[in-house]
Protein chains: 2
Amino acid sequence: MPVQTNQSLSVDCAVFGFDGEVLKVLLIERPAYNALDRLKLPGSMILENETLPEAAYRVLEEATGLRKRDLYLKQMEIFSDPDRVSGDELEWINRKHGIRTVRVVTVGFYALLKLDRRTTDYTTSKGARWVAIEAIQRLAMDHKAILSAALGYLCREMQQSPVAFELLPRKFTIRTLQRLFEAVLGIEIDNRNFRKKMLSSGFLLATGEKEEGVAHKPAEYYTFDRNAYRRAVKAKLRMGFIDNWRY
Amino acid sequence: MPVQTNQSLSVDCAVFGFDGEVLKVLLIERPAYNALDRLKLPGSMILENETLPEAAYRVLEEATGLRKRDLYLKQMEIFSDPDRVSGDELEWINRKHGIRTVRVVTVGFYALLKLDRRTTDYTTSKGARWVAIEAIQRLAMDHKAILSAALGYLCREMQQSPVAFELLPRKFTIRTLQRLFEAVLGIEIDNRNFRKKMLSSGFLLATGEKEEGVAHKPAEYYTFDRNAYRRAVKAKLRMGFIDNWRY
DNA sequence: TTTGTTCGGGTATATTATACGCTAAGCAAG
DNA sequence: CTTGCTTAGCGTATAATATACCCGAACAAA
């Protein structure tokens, strides 16, 4: 079996956002397609002289209007099943780009961003939709598998680094932070212990501002102190990691 | 800038082994090359109808004689700098395979295996060498960067799942296990606490056998109880993860 | 004023991390 | 055979942390 060279490389991005209640993902609608294959993840072939992360950032800027500094982007795995794109979908791609590729290997990325008014408006104006994770049935090609993988990565990474804050606005309440953890990890957390834990970490800065117009005791807004976090990380490498083993 | 299709995909594997003292990695020697570029990671272009993991397993079987079930293989990142292979190296590849590729994107894998007599003999008979991590100066192309990334992954993964046992023979002493952790993580660990921690995890099974011919009190051999591990994992998802955040 | 909500300070207890003392068991050197 | 060196493996003490849960405070809505 010969070495293969007439193949294409693409990137596909699972873009996550959090609206304060549920986790959402950005999907592109292809009007020409029937309901089953209509929705896909934002993605693109790579261009000449472009690395994969560059391609991913390009896709994300097109879809959201956000530039590199406003996005958290991570490479995850590569999807290389020789038949992952074939038949109609392969023809679609070849026609669209005027090429004759026989195989498309894709690299999955996941991205986190702060869902605000402007971002939402931009994406909808581009024909993209924010869909709650729970509501997603089926996606084009193997994009459902890519999304599942991304969710797994997000889950794991939220337990290992403070990426949660990439999904929250600059100022947030501890309740919102907790909701985010509960939504992503699918667990319930005691609010008092969560607060204690978060505050004792020393990474949260009280702003002095409070919620307004809420039907309960207003909560204080906090910001994430990235520098304090970095300082703290250096200090510790504990044996406790054995407790966190997963397969 | 047009979409690119005349490119190649390859896999490169950082294969780790542990001899009881130091961490080693498997390197291929290219006799025709001068000292600086002589050593490289085992790797290959992908073939038609082959996924990337399949390609990696093929490379590993060629290099070590070990089959899938005796290897621990994990995909890590993708190296896609447009110029990561160029000039002489690109010509070398084109000549070798009779192709005309303009760009080689590679997927880095890392593999763990149990270093024993047979494996060592096989690899050396194939012109490959096990080199201590500490002793590696420079590798061909960007393979040093790939190796560094692999080491990072190994470090992180050893703190999150019991992959350490993939590097040890079926029966091992707790001291050896500790040495492995110390070698990979670059830290010193108190032997009494390490033992306590490991045994209390319930994943180690005492075999009843003991070391022989050692110049100190002989240690007992243990095996890793994978089933006990799996059972334990399900039980817990603690909030402690916040302590383990890294960037 | 009452009700429903979340905030956020607190306590009490079990679990775990970490430091370190000490004896046992082997080999080697004198 | 004794002394020394090394690692095994048991133990204890203390600090740190997780976890469960109490309860008054603060707001809006009814």
Side-chain angles (χ1 to χ4, degrees), chain A residues 20-21 158-160 168 171-183 185 187-223 232-233 235-245, chain B residues 20-21 158-160 168 171-183 185 187-223 232-233 235-245:
Chain A
E21 292 296 329
M158 266 191 51
Q159 294 174 57
Q160 314 222 317
L168 297 176
K171 296 174 184 181
F172 50 84
T173 65
I174 292 185
R175 183 184 65 256
T176 309
L177 182 58
Q178 181 180 334
R179 286 271 161 77
L180 174 54
F181 272 94
E182 291 176 331
L185 303 182
I187 56 175
E188 284 208 348
I189 306 176
D190 178 275
N191 69 337
R192 293 152 295 185
N193 290 333
F194 184 78
R195 154 184 313 279
K196 210 184 310 178
K197 182 84 193 165
M198 281 296 166
L199 292 179
S200 74
S201 73
F203 310 146
L204 295 189
L205 275 179
T207 63
E209 298 171 54
K210 300 216 168 207
E211 283 179 311
E212 279 171 28
V214 289
H216 54 76
K217 178 171 175 178
E220 185 163 8
Y221 285 108
Y222 289 83
T223 59
V233 160
K236 56 177 166 180
L237 175 61
R238 287 156 50 244
M239 237 170 66
F241 52 75
I242 295 169
D243 296 336
N244 295 342
W245 282 354
Chain B
E21 293 296 327
M158 266 189 53
Q159 296 174 53
Q160 313 221 320
L168 296 176
K171 297 175 184 179
F172 50 84
T173 65
I174 292 185
R175 182 183 67 254
T176 309
L177 182 59
Q178 181 180 335
R179 287 270 162 78
L180 174 54
F181 273 92
E182 292 177 331
L185 302 181
I187 57 174
E188 285 208 348
I189 305 175
D190 179 275
N191 69 335
R192 292 152 297 185
N193 290 332
F194 184 78
R195 152 185 315 277
K196 211 183 310 178
K197 182 85 193 165
M198 282 294 166
L199 292 179
S200 74
S201 73
F203 310 145
L204 295 189
L205 275 180
T207 63
E209 296 171 56
K210 302 216 166 205
E211 285 180 310
E212 279 172 28
V214 290
H216 54 77
K217 178 170 174 177
E220 185 162 8
Y221 285 108
Y222 289 83
T223 58
V233 160
K236 57 176 167 179
L237 174 61
R238 286 156 50 240
M239 238 171 64
F241 51 75
I242 294 170
D243 295 336
N244 296 342
W245 282 354

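Quick note on labels: first sequence line is chain A, next is B, and so on, each numbered from 1.
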Inset, instruction - List the atom of M158(B), the atom of F181(B), and the distance in Å for their closest heavy-atom pair. - result: CE-CD2, 3.4 Å
Inset, instruction - Give E211(B) one of three labels, base, sugar-phosphate or nothing, depending on what nucleic acid heavy atoms sit under 4.0 Å from its own. - result: nothing
Inset, instruction - Measure from NZ on K196(B) to C1' on dG9(D) and round the result to the nearest Å. - result: 11 Å
Legend entry - L199(A) CG - dT17(D) P separation (whole Å): 15 Å
Inset, instruction - Would you mind reading off the distance between I187(B) atom CD1 and dA19(C) atom P, rounded to a whole angstrom? - result: 11 Å
Inset, instruction - For N191(A) and dT19(D), give me the distance from atom CG to atom C1', rounded to whole Å. - result: 13 Å
Legend entry - Check: E220(B) side chain, K210(B) main-chain N or O, donor-acceptor pair, under 3.5 Å: no
Inset, instruction - Let me know the distance between CD1 of I189(B) and P of dA17(C), rounded to the nearest Å. - result: 13 Å
Legend entry - Verdict with supporting geometry, F172(A) and L204(A), side-chain contact (heavy atoms from CB on, under 4.5 Å): CA-CA 10 Å; F172(A) 50 84; L204(A) 295 189; 4.0 Å; yes
Inset, instruction - With side-chain contact (heavy atoms from CB on, under 4.5 Å) as the test, would you mind laying out the steps for Y222(B) and T173(B) before giving the verdict? - result: CA-CA 6 Å; Y222(B) 289 83; T173(B) 65; over 6 Å; no
Legend entry - K217(A) side-chain proximity, nearest of dG26(C), dT6(C), dC10(D): dT6(C)
Legend entry - Residue closer to the 5' end of DNA chain D, G213(A) versus S200(A) (nearest nucleotide): S200(A)
Inset, instruction - Look at the side chain of R175(A) and the base of dG8(C), then say whether one donor and one acceptor between them are separated by less than 3.5 Å. - result: no
Legend entry - Spacing between R195(A) atom CZ and dA25(D) atom C1', to the nearest angstrom: 13 Å
Inset, instruction - Starting at atom NE2 of H216(A), determine the distance to atom P of dC23(D), rounded to an integer number of angstrom. - result: 23 Å
Inset, instruction - Look at the side chain of N193(A) and decide which nucleotide, out of dA17(C), dA19(C), dC21(D), has an atom nearest to it. - result: dC21(D)
Inset, instruction - For M198(A) and dG8(C), give me the distance from atom CE to atom P, rounded to whole Å. - result: 15 Å
Legend entry - Reported CD-to-NE2 distance for the pair E211(B) and H216(B), which is rounded to 0.5 angstrom: 5.0 Å
Inset, instruction - Ignoring backbone atoms, test whether R192(A) places a side-chain nitrogen or oxygen under 4.0 Å from the OP1 or OP2 oxygen of dG8(C). - result: no
Legend entry - Toward the 5' end of DNA chain C, by each residue's nearest nucleotide, A215(A) or Y222(A): A215(A)
